[in-house]
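By convention in this document, chain letters (A, B, ...) are assigned in the order of the sequence lines, proteins followed by strands, and residues within each chain are numbered from 1.
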Amino acid sequence: MIILRDVTRVYATGGMAVRALAGVNLEIDRGEFVAVMGRSGSGKSTLMNIIGLLDRPTTGEYLLAGRDVERFTEDVRSRLRGAAFGFVFQSYNLLPRMTALEQVELPLIYQRAQDRRRRAAEALVRVGMQHRIAHLPNELSGGEQQRVAIARSLAVNPLMLLADEPTGALDTATGGEIMRLFTELVEERGVAVVLVTHETEVATYARRTIRMRDGKIIEDSGKSGGPPARAPAGASGH
Amino acid sequence: MSLIDAFRVTLRAIFANRLRSVLTSLGVVIGVSSVIALVAVAQGTQQGVTDRIRGLGTGLIFVESSAAATTSQTGGPAGLVQSTLVASDAAAIAADAIPGVIAVAAHAAVDTQLVAGANNVGATVVSTSSEYGEVRDLDVRSGSFITPAHDEEGSMVAVLGARAAETLYPGADPVGQQVRLSFAGGRLTLAFVVVGVLEEQGGAGEADDQAFIPLTSIANRLRFLYTPAGDLRVTQIDVRAADGVDEDRVKEEISELLLFRHETTEPDFVIQSQDDLISAATEVSNTLSILLGSIAGISLLVGGIGVMNIMLVSVAERAREIGIRRAVGATSRDIVTQFVTEALTLSLFGGVVGIALGTGASLAVDGRAVGGQELAVLIQPWSIAAAFLVAAGVGLAAGSYPAYRAATIDPIAALRNE
């Protein structure tokens with residue numbers, strides 16, 4: 001579904017060029033559950049941003065469903081971002097003063113979708129938040145807020161969820177519930193989940209683990225899952 | 001994002017910061033309401049002047065001595081002494097049989113103090129002839145106006161305007177009573193017998209506060225009013241033309257006659273019809289309208305700067321919200337739409353409140369006396385439309401740059417900010 005070929009991302013900060021990604025090759029298909037691990041500064045978040053069309057590669061190629069996304073205009077990229085990807089953040093990133101239902105409706109508004117209310121309500125039911133539909137974020141617990149955020153990312157029926165430390169602010173039990181929810185979504189809907197995490201226990205929910213260091217993939221357990229294997233030298237550029 | 005959705009987001013943001021939103025709109029409210037109120041006062045003043053001129057009846061032509069016109073509007077003695085216009089000019093205009101001329105009256109206005117018993121009032125005394133009543137279309141409520149016999153004999157008689165009469169003789173009929181006229185700051189006081197009181201004109205009618213005496217009566221006491229040739233000096237000659245007469249032709253013929261009589265080629269008088277006076281007054285008050293409107297427009301500009309300022313603050317505060325919206329699929333155009341809609345809504349809200357307030361304030365001061373002058377207002381629909389359009393323009397202008405800033409916020413950086 002997505003293919004990255006030799007993707008680099010270089011930031012120019014204060015006259016210094018920082019290579020956040022130094023040649024990444026990656027292929028992720030529908031229904032995969034991928035954990036991306038690595039220290040901070042290893043390029044995990046940059047990789048997520050590029051996959052989610054929030055950022056552009058400096059060099060290299062990014063194919064989404066066989067199409068080179070670099071050819072799309074900024075507006076098309078924005079629409080595609082809303083339609084194909086759902087973001088889940090460590091800090092939930094819900095809008096204050098909006099009820100759970102309104103949070104979930106938000107992406108549907110930008111897609112100019114029909115039947116927004118019903119679809120948003122369905123997404124909330126899916127994450128088990130039907131009893132909190134009219135609550136504001138500050139009336140919800142952390143786990144509940146993250147469920148609303150997941151419902152928001154699900155509402156548009158995306159191809160892929162991009163979750164950046166989704167359990168980072170939650171206790172272990174709640175974090176486990178959220179991870180089980182991701183597992184269910186992968187199995188039921190065939191949605192791909194890419195998860196950035198520090199925690200090994202969290203990564204065990206995923207069927208594929210990618211380790212990054214200094215902007216490169218140093219280890220990829222492969223699509224089949226199973227024990228982590230060394231990435232082929234040619235593929236990772238290591 | 002549809003416009004309805006953008007408007008929903010706007011209302012949410014505005015209600016979330018009610019006080020700030022109201023204060024932001026206040027600048028526009030003040031600007032718009034002052035534009036409407038000030039233009040209404042300027043236009044009302046013009047309407048008042050126009051009505052007063054029209055109230056004199058139609059077809060009036062005024063011949064004014066150049067000396068009187070340049071020295072004083074209301075009968076200072078200087079203008080009268082230097083005036084080259086004389087009573088026999090009026091007689092000549094009447095006798096010359098200029099087609100269309102119905103009546104002619106010469107007069108000189110002098111500021112005096114009227115005294116009756118314990119009461120007194122400052123008034124302009126119009127020294128004129130019996131024809132004045134016909135020329136100015138004055139209706140007498142009690143007694144009579146100055147008669148030709150009074151003219152002939154130089155009788156010491158006076159006719160009072162309605163308000164002057166009420167002040168001097170509250171609740172009584174002044175006809176037959178004595179009124180004393182005090183000229184030149186009390187240096188000369190003459191006693192007159194009241195022979196008539198005018199019907200109240202109301203509104204802007206100037207005759208209500210005036211008194212009328214035969215020119216001949218005062219001339220017998222003030223010999224300087226006579227020219228060396230034995231003619232009576234006046235400051236103005238009023239000519240009434242018949243309906244439908246070409247006033248420009250009448251003006252032309254009067255001018256030729258007076259030039260001949262004064263043995264000069266340079267006119268020492270000014271001839272104006274009512275239309276001339278109205279257009280002069282209109283010109284003045286249009287200038288006033290533009291001036292007042294511009295001053296009010298500046299406050300509208302300041303209001304717009306306030307809206308822009310708050311929008312910039314709002315964009316900075318809501319960077320994270322903008323990042324979230326971008327992440328869930330908002331295009332930069334969606335973000336621009338959102339913030340322009342917000343600025344526009346604030347301005348238009350201010351505009352609508354300003355229109356209500358400006359209209360209300362205009363109606364509230366209508367008819368109130370300010371500095372001895374009764375304020376008249378005239379709310380022009382175009383001033384409301386213009387104020388509303390300008391408010392919309394202010395909103396667009398004030399929203400554009402903040403919206404551009406919002407649209408160029410980097411969503412990655414905005415989302416990282418915890």
* Listed by residue number, which members of residues 112-130 of chain A have a heavy atom under 4.5 Å from any heavy atom of chain B? -> A/Arg112, A/Arg116
* Report, by ascending residue number, the residues of residues 50-85 of chain A in heavy-atom contact with chain B at a distance under 4.5 Å; give 'none' if the set is empty. => A/Leu54, A/Asp55, A/Glu74, A/Asp75, A/Ser78, A/Arg79, A/Arg81, A/Gly82
* Asked: So with a 6.0 Å cut-off around CZ of A/Arg39, is the heavy-atom count from everything else above 12?
  ->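 No, not enclosed.
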* Please indicate whether B/Phe349 has more than 12 foreign heavy atoms, meaning atoms of other residues, nucleotides or ligands, lying under 6.0 Å from its CZ. =>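 No, the 6.0 Å shell around CZ holds no more than 12 heavy atoms from other groups.
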* **Close side-chain approach of A/Ser91 to B/Arg320, heavy-atom, < 4.5 Å** =>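 The answer is yes; the side chains approach within 4.5 Å.
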* To do: First locate atom CG of A/Leu94, then atom CD1 of B/Ile324, and finally report the distance between them rounded to the nearest 0.5 Å.
  =>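 A/Leu94 atom CG to B/Ile324 atom CD1 measures 7.0 Å (nearest 0.5 Å).
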* Reported CG-to-CG distance for the pair B/Leu415 and A/Asp164, which is rounded to 0.5 angstrom ->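 Here the interatomic distance stands at 10.0 Å.
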* **Structural part of B/Arg325 lying under 4.5 Å from a heavy atom of chain A** => both
* Residue by residue, which of residues 3-15 of chain B have a heavy atom closer than 4.5 Å to a heavy atom belonging to chain A? ->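 Listed by number: B/Asp5, B/Arg8, B/Arg12.
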* Decide side chain to side chain contact (heavy atoms under 4.5 Å, CB included) for B/Val328 and A/Gln103; before the verdict, give the C-alpha distance in whole Å, the side-chain angles of both, and the deciding distance to 0.1 Å. => CA-CA 10 Å; B/Val328 301; A/Gln103 309 276 358; over 6 Å; no
* Structure fact -> Between A/Phe89 and B/Ala327, the two heavy atoms sitting closest are CZ-CB, 4.3 Å
* **Partners meeting side chain to side chain contact (heavy atoms under 4.5 Å, CB included) with A/Glu139 (sequence neighbours left out)** =>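 So A/Glu139 forms a side chain to side chain contact (heavy atoms under 4.5 Å, CB included) with A/His135, A/Leu136.
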